[in-house]
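Here's the structure, in structure tokens; my notes come after.
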Amino acid sequence: MSQIALAASVSKDAQAYDLWACALVRHAYVDMSEHRYRHAAQMLGAAERLAGRGDRNLSTRHWVASVQAEAYAALGDLDACEHAMERAEAVRDLSADSVNGGWLRFDGARLAEERGSRYVQLGRLDLAEEALERALAQTALATGQSYRRRGAVLTDMAAIGAKRRDADQVVAYGKEAISLARASGSGYVARRLQGLCDEFGPLRRDHRVAELGAEIATLNAP
């Protein structure tokens, strides 16, 4: 039995609904990593029901909703994604002690960037750009702050440029994301940038985009 399955089994036996829901979310992450998004959405639906029976002072149900939004975006379901994001954002109604003092520390601080990323997946580029610009304006993502988070948002902004066939946008945001990936050694940002290359399409013929792709290829993404 895997550690995730064991955690789910123990939590079920103890009727620890929040822990049980979290174990199912981790199952869903495995499904999403293997592109089984519909199965992940079903697993997350079960996690949502369990979280609804858990401790209302914890942010479990809000975290579940944020992960549901990711699955729904991958399935192309805009309405379900937006409803899930709204449920996730209700975490702000909890007290600071509830979201920061327990074992599950989901406080919604990353919801703007997550919303933007979901809109990129769904092809809603204007909505995505608006959400990502709000994310970049946050103190936590200001220049010199979280390289990993800022790098991911910049990569999403570059992806919007690629989908619009705007080479200037791709290069401007892509170069800054590369700089952050190198400065931090973040494999996560490097992997996100490698995924960006798949979006280049006809822009590969632009020498600046081709050079950007060559720089991305030199990044270490373990």
Side-chain angles (χ1 to χ4, degrees), residues 26 28-37 40 66-67 69-78 81 85 109-222:
R26 293 187 178 93
Y29 270 127
V30 172
D31 284 328
M32 287 194 289
S33 72
E34 297 176 357
H35 308 292
R36 298 194 300 265
Y37 299 112
S66 75
V67 183
E70 183 176 354
Y72 290 138
L75 290 169
D77 191 334
L78 173 63
C81 178
M85 289 300 300
R110 303 187 180 196
L111 286 174
E113 58 216 78
E114 289 179 5
R115 182 180 284 273
S117 188
R118 301 295 85 81
Y119 283 143
V120 172
Q121 287 178 276
L122 288 159
R124 299 299 300 266
L125 303 185
D126 290 343
L127 293 174
E129 194 164 44
E130 180 182 342
L132 293 170
E133 286 174 350
R134 285 200 306 272
L136 288 173
Q138 295 177 126
T139 301
L141 269 73
T143 302
Q145 298 299 316
S146 173
Y147 286 3
R148 185 180 188 274
R149 289 174 62 189
R150 184 174 176 84
V153 174
L154 292 169
T155 302
D156 278 332
M157 291 292 282
I160 292 172
K163 291 177 183 294
R164 289 176 172 162
R165 302 295 183 250
D166 183 340
D168 290 337
Q169 182 167 341
V170 172
V171 172
Y173 286 108
K175 280 188 174 295
E176 185 178 350
I178 288 172
S179 295
L180 294 179
R182 285 178 174 154
S184 64
S186 173
Y188 173 73
V189 177
R191 289 192 296 274
R192 292 290 303 275
L193 283 163
Q194 289 170 359
L196 170 66
C197 293
D198 296 334
E199 303 285 347
F200 286 168
L203 288 180
R204 294 179 188 278
R205 293 192 290 270
D206 185 299
H207 71 91
R208 297 169 300 163
V209 176
E211 289 171 2
L212 185 74
E215 285 189 69
I216 290 171
T218 67
L219 296 174
N220 182 30

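Quick note: residue numbers are just sequence positions, from 1. Below, each value reflects all heavy atoms present in this structure, side chains not excepted, and no hydrogens, waters or symmetry copies.
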- Query: Any sub-3.5 Å donor-acceptor pair from Ser117's side-chain atoms to Glu114's backbone N or O?
  - Reply: no
- Heavy-atom closest contact (Ala177 atom, Gly151 atom, distance): CB-O, 3.9 Å
- Message: With a 4.5 Å cut-off on side-chain heavy atoms, are Val189 and Tyr147 touching?
- Response: no
- Message: Donor-acceptor pair, distance only, cut-off 3.5 Å: does the side chain of Gln169 make one with the backbone of Met157?
- Response: yes
- To the nearest 0.5 Å, what is the distance between CG (Leu212) and CG (Leu203)? 10.5 Å
- Check Leu219 against Ala190 and note the closest heavy-atom contact, atom names and distance. CB-CB, 4.0 Å
- Task: Of all the heavy-atom pairs spanning Cys197 and Gly213, show the shortest one and how long it is.
- Result: SG-CA, 4.3 Å
- Report yes if the side chains of Met85 and Tyr72 come closer than 4.5 Å at any heavy-atom pair, otherwise no. no
- Note on the structure: Which of Arg149, Arg150, Arg148, Arg192 passes salt bridge (charged side-chain N to carboxylate O under 4.0 Å, His left out) with Glu113? It is Arg149
- Item | Point-to-point distance, once rounded to the nearest 0.5 Å, from CG of Leu75 to CD of Gln121 | 10.0 Å
- Task: List the steps and the verdict of side-chain contact (heavy atoms from CB on, under 4.5 Å) for Asp206 and Arg165.
- Result: CA-CA 10 Å; Asp206 185 299; Arg165 302 295 183 250; over 6 Å; no
- Query: Can Arg118 and Asp156 be counted as an ion pair, charged N to O under 4.0 angstrom?
  - Reply: no
- Can you tell me how far the CD atom of Glu70 sits from the OH atom of Tyr37, to the nearest 0.5 Å? 8.0 Å
- Output, in order, the C-alpha distance, side-chain angles, deciding distance and verdict of side-chain contact (heavy atoms from CB on, under 4.5 Å) for Arg208 and Asp168. CA-CA 9 Å; Arg208 297 169 300 163; Asp168 290 337; 2.6 Å; yes
- Point-to-point distance, once rounded to the nearest 0.5 Å, from OH of Tyr173 to CD1 of Ile178: 15.0 Å
- Query: Hey, mind stepping through Glu215 and Arg182 against side-chain contact (heavy atoms from CB on, under 4.5 Å) and telling me if it holds?
  - Reply: CA-CA 11 Å; Glu215 285 189 69; Arg182 285 178 174 154; 3.4 Å; yes
- Query: Going through the checks in order, is the side-chain contact (heavy atoms from CB on, under 4.5 Å) test met by Leu111 and Ser66?
  - Reply: CA-CA 8 Å; Leu111 286 174; Ser66 75; 4.3 Å; yes
- Minimum heavy-atom distance between Lys163 and Val120, given as atom pair plus value: CE-O, 3.7 Å
- Message: Nearest 0.5 angstrom please: Leu154 CG to Lys175 NZ, how far?
- Response: 13.5 Å
- Locate the shortest heavy-atom distance separating Arg204 from Ala210; write the atom from each residue and the value. O-CB, 3.7 Å
- Task: State the CD1-OG1 distance between Ile216 and Thr155, to the nearest 0.5 angstrom.
- Result: 7.5 Å
- Non-hydrogen atoms of Ala73 and Leu122 that approach each other most closely: O-CD2, 3.7 Å
